[in-house]
Every structure is written in C-alpha cells, then in structure tokens.
Amino acid sequence: MIRNIDIGQLRTFLCVAEHRNMTHAANLRHLTQSAVSQQIKRLEETLGHGLVLRTRSGVELTKSGLELLPLAREAVEQNDFMVASICGTATQSDIRLGVTQDVVASLLPKALKHFHKNHPDVNVTLVSDSTKNLIKLIKNRQVDLALTT
C-alpha cells in the first residue's frame, strides 16, 4: 500500500516538535489549534503510529515522533530545494537560534536588525533557554546554532 505524506503536515509536525506546544505552533503556522491537531492526527494515521503525547506542560514526542523528526526535516528541505530548482526562485530560509537570556537582552536586537537588513529572506526563530538546555537542543538538532555565555 502506497502512502503519501503531506509536506504541510510535516511542516506542522516540525513546528509542534520544536516548540512543544500546539497553540504556539498554530500561531507560527497561521492555523487554528484545531487545524494543527487535525494535521498531526492525519499524519499519525498515515504513518500508523502516534507521534506526540499531550501533557499538562505541552507536547512530548513519542519514540516514533523522535524517529520521524530528522526525516521530516530532510523531507521538507528536499521539497523546498526541488521547488526552488524547478521554479528558479530562492526560497525563504529558516534558522533556529538558541540564546541565553543575557544574550537576548544585550546583544541580539542590534545583531538581528543588521542580519535582517542583509538577509531579508531568512527567518530567525529564537529559542531562549539555559546553556545546559541549549546544548541538548543542539545535539537533538532542535536549534541550528546556539549563542551562550
């Protein structure tokens, strides 16, 4: 049986996985929380495995969800590369930047303003956490780069 995975569902899964919160993912994806839940449910049905567990503190990935995470990233990147190659247009890039609180307040505003001026096609998503947690996020490929003190 051939199963097709919807790239939009993978994008939503990645957003939920990265932010561990359905409502936050809905806001970032410009969807309702219900639409995000439905997309995750359809993806789980397509794959025949549960991918997320809803908890009081947010969302946790199941074993299958953790296995899907790097594959979903790769599939979305390949999709975007194919579209850009065929259409001859640059796609918008996303960078997930992990930062500590002291870096956010002191260094980032000016640096981000300068970066955005020179790279308007790049979206920067900030993840603020402790150095210890940012190291874990780097190892799990949940952020692309981390600035710590």
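One is the number of the first residue; the rest follow in order along the sequence.
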Report yes if some heavy atom in the side chain of Thr125 is under 4.5 Å from a heavy atom in the side chain of Asp94; otherwise report no. no
Hydrophobic clusters here meaning ILVMFWY residues chained together by side-chain heavy-atom distances under 4.5 Å, can you tell me if Leu66 and Leu51 are in one? yes
Starting from Phe81, can I reach Val76 by hopping between I/L/V/M/F/W/Y residues whose side chains sit under 4.5 Å apart? no
Minimum side-chain heavy-atom gap Val127-Val99 below 4.5 Å: no
Would Met22 and Val59 count as a side chain to side chain contact (heavy atoms under 4.5 Å, CB included) if you check the C-alpha gap in whole Å, the side-chain angles of each, and the deciding distance to 0.1 Å? CA-CA 7 Å; Met22 293 282 207; Val59 174; 3.8 Å; yes
Could you check if a side-chain atom of Phe13 sits within less than 4.5 angstrom of a side-chain atom of Leu61, using non-hydrogen atoms only? yes
Test item: Arg11 and Asp6 side chains (from C-beta on) under 4.5 Å apart, heavy atoms: no
Keeping Asn140 on the side-chain end and Gln142 on the backbone end, is there a donor-acceptor pair under 3.5 Å? no
Measure the CG-CG distance between Leu126 and Leu147 for me, rounded to the nearest 0.5 Å. 9.5 Å
Salt bridge (Lys or Arg N to Asp or Glu O under 4.0 Å) pairs, two or more places apart, involving residues 123-149: Arg96-Asp144
Do Leu14 and Leu28 share a hydrophobic cluster (ILVMFWY, side-chain heavy atoms under 4.5 Å, transitive)? no
Counting N and O atoms only, with roles assigned by atom type, does the side chain of Arg3 sit under 3.5 Å from a partner on the main chain of Thr46, one being a donor and the other an acceptor? yes
Salt bridge (Lys or Arg N to Asp or Glu O under 4.0 Å) contacts in which one or both residues fall within residues 54-78, not counting sequence neighbours: Glu18-Arg73
Is there a side-chain contact between Val143 and Ile95, using heavy atoms and a 4.5 Å cut-off? no
Please tell me whether Ser37 and Gln33 have a donor and an acceptor in their side chains that are separated by less than 3.5 angstrom. yes
Between Val52 and Thr62, is any pair of side-chain heavy atoms under 4.5 Å apart? no
Taking the side chain as every heavy atom from C-beta outward, state whether Val16 and Ile40 have any atom pair closer than 4.5 Å. yes
Can you check whether Leu68 reaches Leu47 side chain to side chain, under 4.5 Å on heavy atoms? yes
Please walk me through it: do Ser57 and Thr55 pass side-chain hydrogen bond (donor to acceptor under 3.5 Å, both in side chains)? CA-CA 5 Å; Ser57 61; Thr55 67; 3.3 Å; yes
